[in-house]
Amino acid sequence: MLTLKMLRDDPQMVISKLKIKNFDAQPIVEKVLELDKQRRDLQTQSDALLAEQKQKSAQIGSFMKQGLKAEAEAAKAEVAALKAKSSELLARMDEAATEMENSLVLLPNIPCDLVKPGKGAEDNEVVKMGGPEVQLPEGALPHWELAKKYDIIDFDLGVKITGAGFPVYKGKGAKLQRALINFFLDCNTKDGYTEVEPPVMVNKDSGFGTGQLPDKEGQMYHAQIDDFYMVPTAEVPVTNIFRDVILDQNQIPQRLTAYTPCFRREAGSYGKDVRGLNRLHQFDKVEIVRVEKPENSYAALDDMVAHVEDIVNKLGLKYRILRLCGGDMSFTSAITYDFELWSAAQGRWLEISSVSNFETYQSNRLHCRYRDENGKTQLAHTLNGSSLALPRVVAALLEDNQTPDGIIIPEVLRPYTGFDKID
């Protein structure tokens with residue numbers, strides 16, 4: 001969440017910046033600052049009462065020594081009244097502080113200066129395109145038909161077992177999934193990321209720490225008896241490793257990678273945009289997460305974008321990189337780059353990765369800090385990126401590499417799959 005200091009120092013900057021995200025922050029900012037003033041006024045009153053209480057308490061002992069019992073009893077009564085009033089003030093302070101924090105978390109992150117205004121995806125900026133042009137054979141099929149033709153993904157069986165959006169991978173389709181997961185993890189660890197295997201269920205504190213709660217309850221599967229949430233991305237458990245942690249100088253930066261299945265309840269529109277692997281409720285994804293000093297986080301972001309681009313290039317797929325406009329960014333992000341693959345069979349771009357810098361927005365919620373060179377604790381910057389989300393990568397691989405004789409596996413994946421063709 002945004003820091004209170006940020007709102008105190010320059011409320012108009014916060015209001016103006018959040019307009020880029022098409023968010024009217026003024027009512028919330030004004031409410032937070034009013035509650036902050038109330039809390040501080042109550043604190044001043046409480047401090048004055050405490051000083052008076054100490055003074056009266058000291059008088060009790062003096063009166064007792066002098067044998068002034070009536071005066072001592074009167075002083076005791078005054079102290080008791082002051083304590084009661086002080087307790088009332090403290091309760092009002094806690095109430096104001098709680099309401100202030102509940103309001104503060106309703107403010108999204110401020111976009112950085114590189115982010116342009118815009119209403120939605122149509123206003124995103126294409127910053128780079130790459131990869132080979134796709135030449136499809138005559139009679140080319142979309143991936144959901146290829147999956148059926150070669151019996152590698154069964155969408156109907158998934159509906160029978162669970163419901164729509166839960167496919168069953170079979171034979172070479174299952175091996176391709178495992179191959180991609182291992183390939184992505186190997187790319188990440190070779191680049192210096194430490195692999196972790198986190199839980200795929202998290203508690204409410206973890207959901208709050210990375211910003212999924214209270215913003216995205218409707219998108220998360222919730223095990224109500226235990227009050228656990230199925231992870232929508234490995235970002236949540238991995239970043240929460242650093243919740244309530246103060247890192248020393250030699251412990252930052254942190255670079256972690258993890259594979260998890262991901263679960264999202266979000267419903268999409270009907271039609272080709274959500275057919276097959278285009279939108280699922282359960283899918284596999286490999287994630288990278290970094291914790292950085294503020295002065296290094298944007299260089300780290302550039303490095304993460306270059307790393308994801310290198311993986312896509314190794315797969316030999318046509319891609320583009322977008323810098324998202326304010327209206328298409330997430331609640332928590334300060335800046336986001338999306339990677340999309342071109343599906344020639346569908347005639348559309350498919351998103352496969354988002355790489356984001358959250359600056360101090362998550363770390364403030366997480367209380368993730370580090371000690372600077374002077375020994376002072378500072379909020380760290382957190383970043384994460386998909387490297388990569390599997391479903392649409394698989395969709396593009398199947399569609400772009402189809403031939404009359406079968407689907408050719410990219411050479412870089414063959415040591416992982418153990419085969420060079422699906423036929």
Side-chain angles (χ1 to χ4, degrees), residues 130-132 152-153 169-200 231-239 241-242 253-262 277 280 282-292 299-319 321 337-341 350-356 382-398 400-401 407-422:
I152 53 175
I153 308 171
Y169 299 88
K170 303 165 64 178
K172 288 185 175 181
K175 288 185 177 181
L176 179 58
Q177 287 286 115
R178 180 154 46 93
L180 283 165
I181 292 166
N182 289 332
F183 171 64
F184 294 155
L185 285 170
D186 283 352
C187 287
N188 296 343
T189 55
K190 286 175 184 176
D191 199 50
Y193 291 88
T194 299
E195 183 179 351
V196 295
E197 185 177 343
V200 297
V231 298
T233 165
E235 167 202 347
V236 180
V238 174
T239 310
I241 290 171
F242 304 101
Q254 291 281 333
R255 294 155 53 97
L256 301 180
T257 185
Y259 153 71
T260 64
C262 302
L277 299 171
L280 302 177
Q282 178 183 330
F283 60 95
D284 294 319
K285 182 156 72 76
V286 175
E287 196 82 359
I288 50 177
V289 170
R290 292 173 72 150
V291 180
E292 296 279 350
L301 178 68
D302 291 342
D303 181 68
M304 292 169 73
V305 170
H307 174 68
V308 173
E309 183 180 11
D310 182 59
I311 296 174
V312 176
N313 274 317
K314 286 176 179 175
L315 292 172
L317 298 170
K318 181 180 178 180
Y319 66 93
I321 306 173
Y337 290 92
D338 271 6
F339 281 75
E340 295 181 337
L341 297 180
L350 306 174
E351 181 194 333
I352 56 160
S353 173
S354 290
V355 183
S356 301
T382 62
L383 306 93
N384 80 269
S386 313
S387 62
L388 298 163
L390 269 71
R392 294 168 189 165
V393 170
V394 172
L397 281 175
L398 298 179
D400 293 1
N401 292 297
I407 299 166
I408 305 301
I409 299 298
E411 189 172 342
V412 73
L413 290 178
R414 294 174 190 174
Y416 294 88
T417 58
F419 53 86
D420 59 9
K421 185 191 293 187
I422 296 174

Report the distance from atom [atom1] of [X] to atom [atom2] of [Y], rounding to the nearest 0.5 Å.
{"X": "I409", "Y": "L176", "atom1": "CD1", "atom2": "CG", "value": "5.0 Å"}
{"X": "I153", "Y": "Y169", "atom1": "CD1", "atom2": "OH", "value": "5.5 Å"}
{"X": "K318", "Y": "L341", "atom1": "NZ", "atom2": "CG", "value": "11.0 Å"}
{"X": "D191", "Y": "D310", "atom1": "CG", "atom2": "CG", "value": "8.0 Å"}
{"X": "E235", "Y": "T382", "atom1": "CD", "atom2": "OG1", "value": "7.5 Å"}
{"X": "L413", "Y": "D420", "atom1": "CG", "atom2": "CG", "value": "12.0 Å"}

The criterion is salt bridge (charged side-chain N to carboxylate O under 4.0 Å, His left out); which residues satisfy it with E287, sequence neighbours excluded? K285
Sequence neighbours excluded, the answer for salt bridge (charged side-chain N to carboxylate O under 4.0 Å, His left out) partners of K421 is none
Minimum-distance pair of heavy atoms, taken over all atoms of [X] and [Y]:
{"X": "G192", "Y": "R255", "result": "O-NE, 3.6 Å"}
{"X": "P198", "Y": "A258", "result": "CD-CB, 3.8 Å"}
{"X": "S386", "Y": "A389", "result": "CB-N, 4.1 Å"}
{"X": "K314", "Y": "V412", "result": "O-CG1, 3.4 Å"}
{"X": "P132", "Y": "G316", "result": "CG-O, 3.4 Å"}

Got [X] and [Y] here, is their nearest side-chain heavy-atom distance under 4.5 Å?
{"X": "F283", "Y": "L277", "value": "no"}
{"X": "L397", "Y": "L317", "value": "yes"}
{"X": "L390", "Y": "F184", "value": "yes"}
{"X": "L383", "Y": "I288", "value": "no"}
{"X": "E309", "Y": "Y319", "value": "yes"}
{"X": "V308", "Y": "V305", "value": "no"}
{"X": "Y193", "Y": "R290", "value": "yes"}
{"X": "F242", "Y": "L256", "value": "yes"}

Option among V196, T233, T239, V236 that satisfies the side chain to side chain contact (heavy atoms under 4.5 Å, CB included) test with V289: T239
What residue pairs, at least two apart or across chains, pass side chain to side chain donor-acceptor pair (under 3.5 Å) with a residue in residues 173-188? Q177-D284, D186-Y416, N188-T257, N188-H307, N188-S387
Let me see the working for I422 and N401 under side chain to side chain contact (heavy atoms under 4.5 Å, CB included), right down to the final yes or no. CA-CA 10 Å; I422 296 174; N401 292 297; over 6 Å; no
Is it the case that the side chain of R392 and the backbone of E351 share a donor-acceptor pair, with hydrogens and angles ignored and the cut-off at 3.5 Å? yes
